[in-house]
Amino acid sequence: MIFYPHAAIEVPRQANGLIAADKESLATFWEKVEAELSEGLSGAIGCYIFSIRAGKGSRPWYVGLAEKQSFKKECFTPHKINHYNNAIAARKGTPLLTLVSKYTPKDKLVTPSGSSHRDIQHVETMLIANCLRKNPDLLNIRDTKLLREMIVRGVLNDVKGKPAASIAEFKMLIGT
């Protein structure tokens, strides 16, 4: 179970600033993925993060997974485009897509087989948890209620301020 996060790549936009989801724009986008990131990547599976780059870096807005379908078939479904457009319409910046592909132990991209991949599901949950820390307004809803409401002092959804000595010690113990 090897996952590799590729460099973020710019998502095409229409003249009005929303995501360009026409066949030609998406075909050009996936050709760019193949040419600039990795040959075969559009047909692979794994997780992906839609983000917006502006000013001080990128902010994640949606985390998804492609396990039964390839990235090419999964990342720009109408449901996903609605999420992306909701994020981009209310703010300035450049929309990006980061693909986190699954590889075999022999360093080959894994392609869809029609079955579920528990490891991809777990990576998606982990990425959602991390992205929620950076952006509490993350657009994901499924499997986020617990992550949004749970508080682990010093680690998850904690209050600002100087932590107690035991919390500082705990953070060092777990490497956060």
Sub-4.5 Å side-chain heavy-atom contact between Ser116 and Glu67: yes
Neighbour count >12 (heavy atoms, 6.0 Å) for atom OH, Tyr103: yes
Within-4.5 Å side-chain heavy-atom neighbours: Ile120 and Phe3: yes
Working for salt bridge (charged side-chain N to carboxylate O under 4.0 Å, His left out), residues Glu74 and Lys80: CA-CA 8 Å; Glu74 184 66 34; Lys80 304 321 181 309; 2.7 Å; yes
Exercise: identify the closest heavy-atom pair between Ser58 and Lys134: O-NZ, 2.8 Å
For Tyr48 against Ala66, the heavy-atom pair lying closest together: CE2-N, 4.2 Å
Inter-residue atom distance Leu99.CG - Cys47.SG, 0.5 Å rounding: 10.5 Å
side-chain contact (heavy atoms from CB on, under 4.5 Å) evaluation trace for Leu41 with Phe71: CA-CA 8 Å; Leu41 184 56; Phe71 287 126; 4.1 Å; yes
Atom CD of Glu169 with >12 non-hydrogen neighbours under 6.0 angstrom: no
Spacing of Asn86 atom CG and Arg91 atom CZ [to the nearest 0.5 Å]: 9.0 Å
ILVMFWY network linking Ile19 to Ile52, side-chain heavy atoms under 4.5 angstrom: yes
Any Thr144 side-chain heavy atom under 4.5 Å of Ile128 side chain: yes
Nearest-0.5 Å distance that lies between atom CZ in Arg13 and atom OG1 in Thr94: 6.5 Å
Qualifying residue, where the test is ring-ring contact (aromatic ring centres under 6.0 Å, His included) with Phe50 and the options are Trp61, Tyr62, Tyr84: Tyr84
Within 6.0 angstrom of Ile141 CD1, more than 12 heavy atoms from elsewhere: no
N/O donor-acceptor pair under 3.5 Å between Thr28 side chain and Glu24 backbone: yes
Modelled atom types, side-chain donor and acceptor of Ser38 and His6, under 3.5 Å: no
Ile88 with Phe29, same ILVMFWY side-chain cluster at under 4.5 Å: yes
Approximate separation, where rounding is to 0.5 Å, of Ser51 OG and Leu97 CG: 8.0 Å
Pairwise side-chain contact, Arg148 with Leu138, heavy-atom cut-off 4.5 Å (strictly under): yes
From CG (Asn16) to CG (Asn85), nearest 0.5 Å: 8.0 Å
Other residues, nucleotides, ligands: >12 heavy atoms within 6.0 Å of Tyr4 OH: no
Residue pair Lys171, Arg153: steps toward the side-chain contact (heavy atoms from CB on, under 4.5 Å) verdict: CA-CA 9 Å; Lys171 288 175 73 169; Arg153 295 286 182 219; over 6 Å; no
Arg59 CZ to Cys131 SG distance, which is reported to the nearest 0.5 Å: 11.0 Å
Taking every non-hydrogen atom, the tightest pair across Ala54 and Gly93: CB-CA, 4.0 Å
Side-chain heavy atoms of Trp30 within contact of Cys75, under 4.5 Å: yes
Neighbour count above 12 (heavy atom, 6.0 Å) for Met150 CE: yes
Test applied, side chain to side chain contact (heavy atoms under 4.5 Å, CB included); reference residue, Lys102; option that passes from Asp119, Leu109, Ile2, Val123: Asp119
Same apolar cluster (I L V M F W Y, side chains within < 4.5 Å links), Leu96/Ile49: no
Close side-chain approach of Gln121 and Thr125, heavy atoms under 4.5 Å: no
From Glu34, Lys32, Lys73, Glu31, residue fulfilling side chain to side chain donor-acceptor pair (under 3.5 Å) relative to Ser42: Glu34
Same apolar cluster: Val100 and Val11, side chain cutoff 4.5 Å: no
Whether over 12 other heavy atoms sit under 6.0 Å from Arg118 CZ: no
hydrophobic_cluster_shared for Leu147 and Leu139, side chain cutoff 4.5 Å: no
